[in-house]
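In what follows, chains carry the letters A, B, and so on, assigned in the order in which the sequence lines appear, proteins first and then strands, with residues in each chain numbered from 1. None of the values given here were measured: they were computed from a predicted structure.
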Number of protein chains: 2
Amino acid sequence: MARSTPVRWRDIADDLLRRIESGDLSPRGTSSGRRRLPPEKDLETRYGASRNTVRDALSYLQQQGYVVSEQGKGTFVVHRPDIVHVTLSAAEIDLAPGLGTGEWYNRDAHVPGHRKVRVSPVRVEVQEGTKVIARYLQTNPGSEFILRHQELYLDEQPWALQTSFYPLEFATGGASRLLYPRDIPEGAVAYLRETLGYEEVGFHDEIKARVPNEQERRFFGLGESAADAVFETVRTAYSPDGTAFRLTVAVWAADRTRLHYNDGQVPLDVLSAPGTGPPGGADADAGNADAGNAVTGNAVTGNAVTGKDADATAKGSPSESPSSDDAESG
Amino acid sequence: MARSTPVRWRDIADDLLRRIESGDLSPRGTSSGRRRLPPEKDLETRYGASRNTVRDALSYLQQQGYVVSEQGKGTFVVHRPDIVHVTLSAAEIDLAPGLGTGEWYNRDAHVPGHRKVRVSPVRVEVQEGTKVIARYLQTNPGSEFILRHQELYLDEQPWALQTSFYPLEFATGGASRLLYPRDIPEGAVAYLRETLGYEEVGFHDEIKARVPNEQERRFFGLGESAADAVFETVRTAYSPDGTAFRLTVAVWAADRTRLHYNDGQVPLDVLSAPGTGPPGGADADAGNADAGNAVTGNAVTGNAVTGKDADATAKGSPSESPSSDDAESG
DNA sequence: TGGGATTTGTTCGTATGTATG
DNA sequence: ACATACATACGAACAAATCCC
């Protein structure tokens, strides 16, 4: 066992990956800036394999998220977008004067830097609550909810899909603007405080990572690779008497998003610019892109100690490279 | 355009998936409890397609994480493990009397219910800090760190990989037990308070989702499917003077883990048992497994409003089902 | 223990369809 | 209309791992 490479397609895939990461392949694309791989026919002769075997290699690289093939055009290296750091904890950052950098979106999410958040028109529906929604909002299944859905763009790039749920009684009881398909500029939280006196004194977040569905793929521009995941955050907001009065579900593309939470006393520069290190510090690591875990590196999980059997599949293993996209946005 | 199904392999995949989810396939496996699909040769005749086309369908299902094929044995339905809800925010849950259910692990993570946490022997290394570590801990690159790595098991199931970093001066300055490859039962945080007087008054968490590497695949028992991801949480802990004195990196399998954060006033039952709904409530949704997003369902992102072009690939799309694993563990 | 049957993995060849330029 | 390039589909052969009698 443990032959380094029992299969041809893996050889080809590894070689292609090496050349992709060394910046070797295709000095210029056909027209745009996209890096393009040689056509399958060329690879056929280059590697002396049949087209089907070449396609096995390409299929693997596509599944792993390194390349994407488009009919009639070619196979292209996947462009990894810049990372966006989003702070979800409601830190007192906006209370501290002089730290006005960064944008809040409706008190739920904060991004550092001077970025423009644009929201799509709101889509409003009235729904009979599902069991799951009833579970989160602690109401009985069958009661009605207002659903408000928005698409969020950050600097005109797809950023997040957000859906909020409110009991229908809120609209009939004074907060009628919840039913209008228009943005509430001051934020729904502030609006509910003004109209109904609801104070949001705490929240609970649940975070999952999963494979995107078709709509999410379209919005975020994700491929079929199944290597890219999305975050789904579910926020339940509570009023002083302990009732849940808001449920907000947000979906973020995991390849370009880092979520941040602060708790207790945290230095202000970390609050305002997470993921970028000390302001005057060592220039962060913009673009150094070391392989393996961004933090622990190979030394931790590497085969020095743990990996007593650095066996077959671990070879040139691309499995350590997907997290090598550590380019910073700030 | 927009023929419902232009391709045969997709028809086969959709039909297989439907039968998988209806519990149709294989009343009993060969021996163990694993549900097994019919052999490729049988599917060949059943669907009247060539073996390669059948394999295209199976390859798709495998890539999406629904099945796994093993040479010489067969193709099996992937077993989705129970969900574990982990609370990472340092709520005052342990200060509230009478809520003693659940286990804390070193003040960093809390799981509800009466579960047994077991930790592997600690592996200790002394490392020259990488740029990334230096960035988080705000020290200059090149200084040395103590690395303490543990594997965590929950009820004897692989649960998390955890690595903590401390400046080497801590050990030479009094906290020498950091260098011993033994567990610190009271927790490193308490130990550092006793020995060095370090008080942990706040922390910052950064969360990413990525593809697991080879070691993580082995530990968590993940397949090659590339559909399963891991969470990586990076916790930086701060002392009152604002210095970062601890960096803890944890890796969790995303398919069986939900992360939770609380902020402000949150009802006690949510704090103690997140993800399970009200204690006496509507029995949650254990095992109902509705398709689509667990919360928003098809009604939100569905093609009713947004999907004006409910085109080809969206068909019986399995893309909406990966998140259908909503079984609860409690 | 052995050996044949079963089952998936790999590789080739070939042909045709579809999208792009 | 034509060439390019990827997508789909068929058939065939052998290898490798496992199962079963």
**Item:** Residues B/R8 and B/D11 bridged, charged N to O under 4.0 Å
**Value:** no

**Request:** May I have the distance from A/Y60 (atom OH) to C/dG9 (atom P), rounded to whole angstrom?
**Result:** 15 Å

**Request:** Fit a plane to each ring of A/W9 and A/Y60, take the angle between them on a 0 to 90° scale, and name the class: parallel (under 30°), tilted (30 to 60°) or perpendicular (over 60°).
**Result:** tilted

**Message:** Let's test this: given Watson-Crick or G-U wobble pairing with both distances under 3.5 Å, identify the partner of D/dT18.
**Reply:** C/dA5

**Nearest-Å distance for atom pair CZ/C1', residues A/R8 and C/dT10** = 11 Å

**Prompt:** For D/dC10, does OP1 or OP2 lie under 4.0 Å from any side-chain N or O of B/T53?
**Reply:** yes

**Prompt:** Roughly, in whole Å, what's the span from CZ in B/R10 to C1' in D/dA9?
**Reply:** 17 Å

**Item:** Pairwise salt bridge (Lys or Arg N to Asp or Glu O under 4.0 Å) hits with a residue in residues 50-67 of chain A, at least two apart
**Value:** A/E40-A/R51, A/E40-A/R55

**Request:** Rounded off to whole Å, could you give me the OH-to-P distance for the B/Y47 and D/dA9 pair?
**Result:** 14 Å

**Message:** The criterion is side chain to side chain contact (heavy atoms under 4.5 Å, CB included); which residues satisfy it with B/P39, sequence neighbours excluded?
**Reply:** B/R36, B/D42

**Prompt:** Between A/N52 (CG) and C/dT16 (C1'), how many Å, whole number?
**Reply:** 14 Å

**Request:** Give the rounded distance in Å between these two atoms: CZ of B/R34 and P of C/dT8.
**Result:** 12 Å

Can you give me the N/O atom pairs linking the protein to nucleotides 4-7 of chain D at distances under 3.5 Å, or say none if there are none?
| from | atom 1 | to | atom 2 | distance (Å) |
| --- | --- | --- | --- | --- |
| D/dC6 | OP2 | A/E40 | N | 2.9 |
| D/dA7 | OP2 | A/R55 | NH1 | 2.8 |
| D/dA7 | OP2 | A/R55 | NH2 | 3.4 |
| D/dA7 | O4' | A/Q71 | NE2 | 2.9 |
| D/dA7 | N7 | A/R51 | NH2 | 3.0 |
| D/dA7 | N6 | A/R51 | NH1 | 3.3 |

**Item:** Centroid-centroid distance, A/Y153 to A/F219, less than 6.0 Å
**Value:** yes

**Prompt:** Is A/R10 salt-bridged to A/D14, going by a charged N under 4.0 Å from an acidic O?
**Reply:** yes

